[in-house]
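The structure appears right after this line, and notes come after that.
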2 protein chains.
Amino acid sequence: MKRTLLAVEYSGEEETIAVFAKALGHPVRIKILKLLASQQCCFTGELTELIPMAQSTISQHLKALLEAGLIQGEINPPKVRYCINQESWAKAHSIFEAFFAPDRVFGCDCPIVERAQDDMCPS
Amino acid sequence: MKRTLLAVEYSGEEETIAVFAKALGHPVRIKILKLLASQQCCFTGELTELIPMAQSTISQHLKALLEAGLIQGEINPPKVRYCINQESWAKAHSIFEAFFAPDRVFGCDCPIVERAQDDMCPS
DNA sequence: TGAATTAATCGTACATTTACGATAAACAAA
DNA sequence: TTTGTTTATCGTAAATGTACGATTAATTCA
């Protein structure tokens with residue numbers, strides 16, 4: 001992939017949101033998180049019984065969630081227990097909350113206009 | 001790509017979160033959204049001045065945000081005004097809020113144990 | 001020691017994403 | 001009509017994502 005010479009700079013917040021969001025960007029991972037969140041005790045491989053996907057595929061999705069920090073696993077041979085990482089969960093909660101806070105968003109009054117009016121935009 | 005015979009079924013909520021999250025899953029799109037959210041008036045191509053990326057790439061990212069419904073554009077030739085789609089924004093806000101609500105998540109008391117104890121997990 | 005069980009990892013195939021430059025389309029202004 | 005401005009789309013290349021089956025690794029149980 002060709003890359004631009006000047007790399008785009010991202011703030012920590014931008015990177016963090018993107019990492020969390022990317023991990024949430026597949027419905028099966030949402031399903032897995034919901035299952036884990038609803039378990040009183042942490043999970044093992046019942047996921048393969050609940051989700052009709054190859055064991056290796058589910059393991060791959062678990063790895064993605066692990067790497068984003070949203071879950072944690074505890075080896076308990078031959079099983080592994082997964083559960084929500086509460087700290088990251090809280091962090092994701094607050095960062096998304098702040099991002100979507102309505103007061104951060106200016107109202108968009110842009111009407112559908114026939115013609116641009118130069119004085120409509122400050123810039 | 002080989003597909004499993006039994007397709008996995010997703011709830012509307014799972015799909016919706018995944019769609020929004022996928023759109024948020026790249027830092028440049030977070031940056032774009034922040035820029036649009038902070039503009040009093042809607043945006044056009046100042047993005048290309050603020051973000052050192054090819055114009056076509058930015059257009060591509062805008063398209064992704066459009067398709068997820070997070071922004072809207074108004075043709076105002078030869079410029080296009082983009083702004084946050086407030087309705088979707090509010091929807092994303094509430095759906096992420098509900099998803100991350102701490103009371104949805106059971107506490108994970110799973111200790112790191114030497115050996116599995118059968119009575120630890122209900123299932 | 002030798003099964004059995006569970007989950008990660010490997011290898012692979014195909015789809016999607018991401019970036020670029022070039023081109024096309026839409027319109028205003030000269 | 002021609003020119004300039006702005007943005008979308010096309011074509012392309014490389015990276016990443018997603019799914020599978022097969023294999024490997026770790027540990028328990030017989």
Side-chain angles (χ1 to χ4, degrees), chain A residues 1-8 10 18-19 21-32 42-68 71-82 113-118 121 123, chain B residues 1-8 10 18-19 21-32 42-68 71-82 113-118 121 123:
Chain A
M1 207 190 312
K2 268 180 285 183
R3 290 272 157 188
T4 185
L5 254 54
L6 264 319
V8 185
Y10 300 115
V19 166
K22 198 170 185 180
L24 298 171
H26 191 295
V28 83
R29 290 197 289 268
I30 301 296
K31 191 183 278 290
I32 289 172
C42 305
F43 237 81
T44 60
E46 290 115 288
L47 290 169
T48 42
E49 290 165 30
L50 298 171
I51 301 172
M53 269 183 174
Q55 178 264 324
S56 56
T57 304
I58 290 178
S59 190
Q60 215 169 245
H61 285 297
L62 286 168
K63 192 180 179 187
L65 292 171
L66 263 179
E67 282 171 357
I71 63 173
Q72 60 193 74
E74 305 195 348
I75 297 168
N76 200 355
K79 298 197 176 188
V80 175
R81 283 204 166 132
Y82 283 105
V113 287
E114 295 287 320
R115 232 163 138 283
Q117 285 154 288
D118 290 333
C121 268
S123 68
Chain B
M1 208 189 311
K2 268 180 284 183
R3 288 274 158 185
T4 184
L5 254 53
L6 264 320
V8 185
Y10 300 115
V19 166
K22 197 170 187 181
L24 298 171
H26 192 294
V28 84
R29 289 197 289 266
I30 301 296
K31 192 183 277 291
I32 289 172
C42 304
F43 235 79
T44 60
E46 290 115 292
L47 290 168
T48 42
E49 289 166 31
L50 297 171
I51 302 173
M53 270 184 174
Q55 177 265 323
S56 56
T57 304
I58 290 179
S59 190
Q60 215 169 244
H61 284 296
L62 286 168
K63 193 180 178 188
L65 292 170
L66 263 179
E67 283 171 356
I71 63 174
Q72 60 194 75
E74 305 196 348
I75 297 167
N76 200 356
K79 298 196 176 187
V80 175
R81 283 205 165 130
Y82 284 105
V113 288
E114 296 285 322
R115 228 164 140 287
Q117 285 154 288
D118 290 333
C121 268
S123 69

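In the text below, chain A, chain B and the rest are named by the order of the sequence lines, each starting its count at 1. Source: prediction; values computed, not measured.
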So, OP1 or OP2 of [N]: does either fall under 4.0 Å of a side-chain N or O from [X]?
| X | N | answer |
| --- | --- | --- |
| A:His61 | D:dA19 | yes |
| B:Thr57 | C:dT18 | no |
| B:Arg81 | D:dT7 | no |
| B:Lys79 | C:dA26 | no |

For the [atom1] atom of [X] and the [atom2] atom of [Y], what is their distance to the nearest 0.5 Å?
| X | Y | atom1 | atom2 | result |
| --- | --- | --- | --- | --- |
| B:Leu66 | B:Ile71 | CG | CD1 | 4.0 Å |
| A:Ile32 | A:Ile58 | CD1 | CD1 | 6.0 Å |
| A:Tyr82 | A:Glu74 | OH | CD | 11.0 Å |

Rounded to the Å, how far apart are [X] [atom1] and [N] [atom2]?
| X | N | atom1 | atom2 | answer |
| --- | --- | --- | --- | --- |
| A:Ile75 | D:dT28 | CD1 | P | 12 Å |
| A:Glu74 | D:dT27 | CD | P | 15 Å |
| B:Glu46 | D:dT5 | CD | P | 16 Å |
| A:Ile51 | D:dT18 | CD1 | C1' | 14 Å |
| B:Ile58 | C:dT18 | CD1 | C1' | 13 Å |
| B:Lys63 | C:dT18 | NZ | P | 13 Å |
| A:Arg29 | D:dT18 | CZ | C1' | 9 Å |
| B:Ile32 | D:dT7 | CD1 | P | 13 Å |

Spell out yes or no: do the side chain of B:Gln60 and the base of D:dA8 have one donor N/O and one acceptor N/O closer than 3.5 Å? no

Proximity to the side chain of [X] - top-ranked nucleotide from [options]:
| X | options | value |
| --- | --- | --- |
| A:Lys22 | C:dT18, D:dG17, C:dA8 | D:dG17 |
| B:Tyr82 | C:dA7, D:dA8, C:dT9 | D:dA8 |
| B:Ser56 | D:dT18, C:dG21, C:dA8 | C:dG21 |
| A:Ala54 | D:dC20, C:dA7, D:dT5 | D:dC20 |
| A:Ser59 | D:dC20, C:dG21, C:dT9 | C:dT9 |

Close N/O contacts between protein and nucleotides 2-4 of chain C (under 3.5 Å):
none

Under 3.5 Å donor-acceptor pairs involving side-chain atoms of residues 49-56 of chain B, not counting sequence neighbours:
none

With [X], which residues qualify under side-chain hydrogen bond (donor to acceptor under 3.5 Å, both in side chains), at least two apart?
| X | value |
| --- | --- |
| B:Lys31 | A:Glu14 |
| B:Lys79 | none |
| B:His61 | B:Arg29 |

Residue mapping more 5' on DNA chain C - nearest nucleotide basis, B:Gln55 or B:Ala64: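 Closest to the 5' end, via its nearest nucleotide, is B:Ala64.
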
For a 4.5 angstrom cut-off between non-hydrogen side-chain atoms, does A:Val28 reach B:Tyr10? yes

